[in-house]
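Heads up, the thing below is written out as structure tokens.
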Amino acid sequence: MLSARTSATRLDLAALAALDAADPLAPLRGAFHLPDDVVYLDGNSLGALPKRAEQIASRVLRQEWGDGLVRSWNDAGWHRLPWRLGAKIARLVGAGEDEVIVTDSTSANLYKVLQAALSLRPGRRSIVSERENFPTDLYIAEGAARVRGERHRLRLVDSPAHIEGAIDEDCAVLLLTHVNYRDGNMLDMAALTERAHRKGALVAWDLSHSAGAVPVELVACEADFAVGCCYKYLNGGPVAPAFVFAARRLQERSEQPLSGWWGHATPFDFSPTFRAADGIARFLCGTPPVLSMAVAEAGIDLVLEATIPRLRAKSIQLTELFIELLAQECAGLGLEPVGPRDPQRRGSQVSVRHPGGYAIMRALIDRGVIGDYREPGILRFGFAPLYSRYIDAWNAVAVLKDVLQTRAWEQPHYRERHAVT
Amino acid sequence: MINRADCERLDRRDPLRRKRAAFRLPKGVIYLDGNSLGALPRAVPGRMRALIEQEWGEGLIRSWNEAGWIAKPAAVAARLAPLIGAAPDEVICADSTSVNLFKLLVAALRLRPARHTIVTELGNFPTDLYIAEGVRELMPGTHLNRVEASGLIRALDGDSAVLTLTHVNFRSGRVHDMAALTAAAHGAGALTLWDLSHSVGALPVDLAAAGADLAIGCGYKYLNGGPGGPAFLYVARRHQGAIRPVLTGWMGHAQPFDFAPDYRPAGGLTRLLCGTPPIFGLIALEAALDVWDGVDIALVRQKSVALGDLFVRLVEERLAGQDFVLASPRAGAERGSQVSFRHPEGYAIMQALIARGVIGDFRTPDILRFGFAPLYVRYQDVWDAVAVLGEVMADRAWDAAVHRRRAAVT
Ligand SMILES: Cc1ncc(COP(=O)(O)O)c(C=O)c1O
Ligand SMILES: Cc1ncc(COP(=O)(O)O)c(C=O)c1O
């Protein structure tokens, strides 16, 4: 249980407002459209709307599609979008500009990189991951192993401490999510990659909860493959395509079975046989989704403008203060902390557990405090440092305290499950 | 000989003439490439604005439930199901056509575990061939048999798991006899998988009547869903329960929001979803599909054939002796909604046409493709396009370096 805050200085709204006033990133909040009556702490699930997205959409729809029509593939640079966005994201994850491309969903891209990795390690038959990994990663890995026959399999470990021990001679690829979706735990990318390489295994990183929120150095860590969502901290919108990274040294040897025409060396030759494109383009498959890609650029640009070091510094301060506020205001109300206390090991979210977690989150959302719920019993609060304010932390905790103290969450309608949680 | 006034008269009598107003078409352009990228339906920008400002901007994450986002893959698909002779629960929208082909080819091989061969046509659209190659490389023991169209039925044998074909060929516009080929495949114990990219919205398709098993198709051609918008896939109800998905993403799980570590496929076609649905593209496609309300696809087909016949006739009458060779079936009944001509200078001629506002496209080695989307192409457009082609040939406008330079996308 959360213990009462012992430190001498009590946090109050004025102190938090003062932090907002001094926040160098505060002006960037103005680049977003945010509803007036909402404290939005779910940017780790769906990022907020950059105002420029509306202008981009209008231009792409009316001028590029409406007037330019099919000519816009060349004239408006549509065909370059996967590369252009990829090069921008590369700067956020410590990759070379020719190592990242934007396409398809995170799930589909995971499938591609896992198959590429399995093919690069033909003598090995297992994918190793964590039971606590995000489900789509596990399901996709299971599917990727199964299609190769009985002897391929997915092996799961029960805690991060067991990852290293599970990397053996049979492990072709280690699949990890850098920042865990449930508890925000951040793995040591450099160390785990090094351990895997020492055992001859490749590593694929899911950066969905990292890109745009925490520093990532794919090249410096010698990571092999990575994937990630563009609609979370990158604010790409519902639902922007995902990114995929393949280290330059592996690209020419990487083969992936979703070998659509956009991954061909010369797609507009319409040749009957497949020849993979040079470089990262071989991870493309079908025609890129132009509207959502064009719109996604607005959010990515804002992250670039803010810069990762400044975002990380603010993110740490936000999550630290939120944890302190929970201790100060909600001690004894039945919340149990989840995830690392050390900010260096935590992503940009804070999770707490409560047996009434689902209903509590519904009650919070009803009161304009939007986080989300994850099984079992976990309330997730994501801090997107581009637009989250310090007073948001205060207001969220104040509403949470009220909901718990008044037991407002016990009203039966808060228990009804929605399709999406 | 027919003249422009005759074409205008045909337009005035066209039962679909009012549909053109539902599209935003640029002035000074004759658009004959709706088979590659459909034109912008006027309803789309407003709907997208509401999506962005209200559903994303104000609703944020709540819109998954409150704006019904989570139900869009099935809901949008249900709107297009009648165009392909499918029941609403036999179609779902997701991913790209290429990705959906991958899913269904693997599913087909798994439905016929004792068989190992994918049969297709050499002239199939490249992505279909490439994806089939990808499946062959991935699944041990799989063969890929690529044959000429005339040899398809002979190629079917006891090892054939699936016959995969594009219903309307992207180069020639030739229409396969779906019912006959499906019957032949079934006779050999194989399944059929149809790519309807150049069919849906262009001619009546009746998957149920043909007994087809599986199908896929683009949402951005005759359905006007916008560049790179989501595709659809079809699985006949009789196969749905037995489908074992290969791209086992969480959106295809029976209970994705249980976040359970083990994969358990959802019922129905939901199991063929993979990642989080592309709401942007789905909403654009949904708004674009409103155009089809009350449209009789038989009338669409009638007009499409008439436009194509008129184009063939005018080109052959007015450009006789200019080396244009018809590369599409002459009989309208055997042709989709496009007409292709070969010409040794095809690429440059097409660029010169585009420079003068007549937009078709070019396909290697020498094919000029003209698509006639009957909802917004008029008879007078056909007349004018051929007139411009006549000018381009008469003054050799195509014979300029600028028209020979290859663009990245053709
Ligand atoms: C027959 C056919 N299938 C598929 C595609 C394209 O598929 P994707 O959207 O996956 O690029 C096309 C595009 O022209 C096509 O003509
Ligand atoms: C770690 C992680 N990977 C992947 C996804 C989602 O992938 P997709 O966009 O393919 O549904 C999520 C979504 O929450 C996630 O948290």
Side-chain angles (χ1 to χ4, degrees), chain A residues 33 35 40 42 45-46 48-49 53-54 57 61-62 65-67 69-70 73-74 78-79 104-108 111 115 131 135-136 138-140 142-143 147 149 237-239 257-261 264 268-272 274 285-292 370 372 374-375 418-421, chain B residues 24 26 31 33 36-37 40 44-45 48 52-53 56-58 60-61 64-65 69-70 96-99 102 122 126-127 129-131 133-135 137-140 226-229 246-250 253 257-259 261 263 274-281 284 359 363-364 407-410:
Chain A
H33 174 96
Y40 194 56
D42 210 8
S45 186
L46 176 66
L49 165 65
E54 304 173 43
L61 288 165
R62 293 187 170 81
W65 177 13
D67 294 341
L69 289 159
V70 75
W73 283 108
N74 294 307
W78 285 354
H79 77 287
D104 295 317
S105 65
T106 302
S107 301
Y111 194 83
Q115 293 300 2
R131 197 173 305 282
T136 213
L138 300 181
Y139 306 157
I140 286 284
E142 203 181 315
V147 75
V239 164
L258 284 162
S259 46
W261 67 314
H264 193 279
F268 288 90
D269 281 358
F270 295 92
S271 132
F274 186 73
C285 183
T287 305
V290 168
L291 293 176
S292 56
I370 303 181
D372 62 22
R374 290 294 174 257
E375 291 295 341
H418 285 160
V420 177
T421 63
Chain B
R24 180 187 157 115
Y31 194 54
D33 209 8
S36 179
L37 173 66
L40 170 64
V44 170
M48 295 309 279
I52 294 173
E53 291 181 358
W56 178 12
E58 292 284 323
L60 289 159
I61 193 75
W64 282 108
N65 295 308
W69 286 356
I70 197 67
S96 64
T97 302
S98 302
V99 170
F102 180 80
L122 265 171
T127 212
L129 297 173
Y130 303 161
I131 289 285
E133 279 190 54
V135 170
E137 297 308 310
L138 181 66
M139 295 180 72
V246 61
L247 291 181
T248 44
W250 70 312
H253 192 276
F257 291 92
D258 279 359
F259 296 93
Y263 175 73
C274 179
T276 305
I279 297 305
F280 236 82
I359 304 181
R363 289 294 173 254
T364 55
V409 178
T410 64

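Not measured: the values here are computed from a predicted model. In what follows, every chain begins at residue 1, and chains take the letters A, B, ... in the order their sequences are listed. Worth knowing before you read on, the calculation uses all heavy atoms, side chains too, and leaves out hydrogens, waters and symmetry mates.
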Could you pull out the closest heavy-atom pair between [X] and [Y], with the gap in Å?
X	Y	answer
E133(B)	F274(A)	OE2-N, 2.7 Å
E142(A)	P261(B)	OE1-O, 4.3 Å
G260(A)	I131(B)	N-CD1, 3.7 Å
S98(B)	G286(A)	OG-CA, 3.6 Å

Counting N and O atoms only, with roles assigned by atom type, does the side chain of [X] sit under 3.5 Å from a partner on the main chain of [Y], one being a donor and the other an acceptor?
X	Y	value
S107(A)	G249(B)	no
N74(A)	V409(B)	yes
T364(B)	D269(A)	yes
E375(A)	F259(B)	no
T287(A)	G228(B)	no

Relative to chain A, which segment of [X] carries a heavy atom at a distance below 4.5 Å: side chain, backbone, both, or neither?
X	result
S96(B)	side chain
L247(B)	both
T276(B)	both
E137(B)	neither
P140(B)	side chain

Between [X] and chain B, which part of the residue has a heavy atom less than 4.5 Å away: side chain, backbone, both or neither?
X	result
I370(A)	side chain
P272(A)	both
D104(A)	side chain
S292(A)	both

Working to the nearest 0.5 angstrom, can you tell me the gap between [X] [atom1] and [Y] [atom2]?
X	Y	atom1	atom2	result
I70(B)	H418(A)	CD1	NE2	13.0 Å
F257(B)	D372(A)	CZ	CG	9.0 Å
Q115(A)	L138(B)	CD	CG	5.0 Å

Highest number of heavy-atom pairs under 4.5 Å with chain B: which of [options]?
options	value
G143(A), G149(A), A108(A), C285(A)	C285(A)
T106(A), V290(A), L291(A)	V290(A)
D67(A), V420(A), T421(A), L258(A)	V420(A)
P238(A), P257(A), P289(A)	P238(A)

Apply the test side chain to side chain contact (heavy atoms under 4.5 Å, CB included) to residues W261(A) and L129(B): give CA-CA distance (whole Å), side-chain angles for both, the deciding distance (0.1 Å), then the verdict. CA-CA 9 Å; W261(A) 67 314; L129(B) 297 173; over 6 Å; no

Residue among [options] with most heavy-atom pairs under 4.5 Å to chain A:
options	value
I359(B), V135(B), L122(B), V44(B)	I359(B)
Y263(B), F280(B), Y130(B)	Y130(B)
D33(B), T97(B), L60(B), D258(B)	L60(B)
L37(B), I61(B), T410(B)	I61(B)

Hey, mind stepping through E53(B) and E54(A) against side chain to side chain contact (heavy atoms under 4.5 Å, CB included) and telling me if it holds? CA-CA 8 Å; E53(B) 291 181 358; E54(A) 304 173 43; 2.8 Å; yes

So L61(A) and R24(B), side chain to side chain contact (heavy atoms under 4.5 Å, CB included) or not? Walk me through it. CA-CA 10 Å; L61(A) 288 165; R24(B) 180 187 157 115; over 6 Å; no

In terms of ring plane angle, is the pair F102(B) and Y111(A) parallel, tilted or perpendicular, where the classes change at 30° and 60°?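 Correct class here is perpendicular.
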
Any side-chain heavy-atom pair from P45(B) and R62(A) closer than 4.5 angstrom?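 Answer yes - side chains close enough.
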
List the steps, then state whether side chain to side chain contact (heavy atoms under 4.5 Å, CB included) holds for V99(B) with S105(A). CA-CA 11 Å; V99(B) 170; S105(A) 65; over 6 Å; no

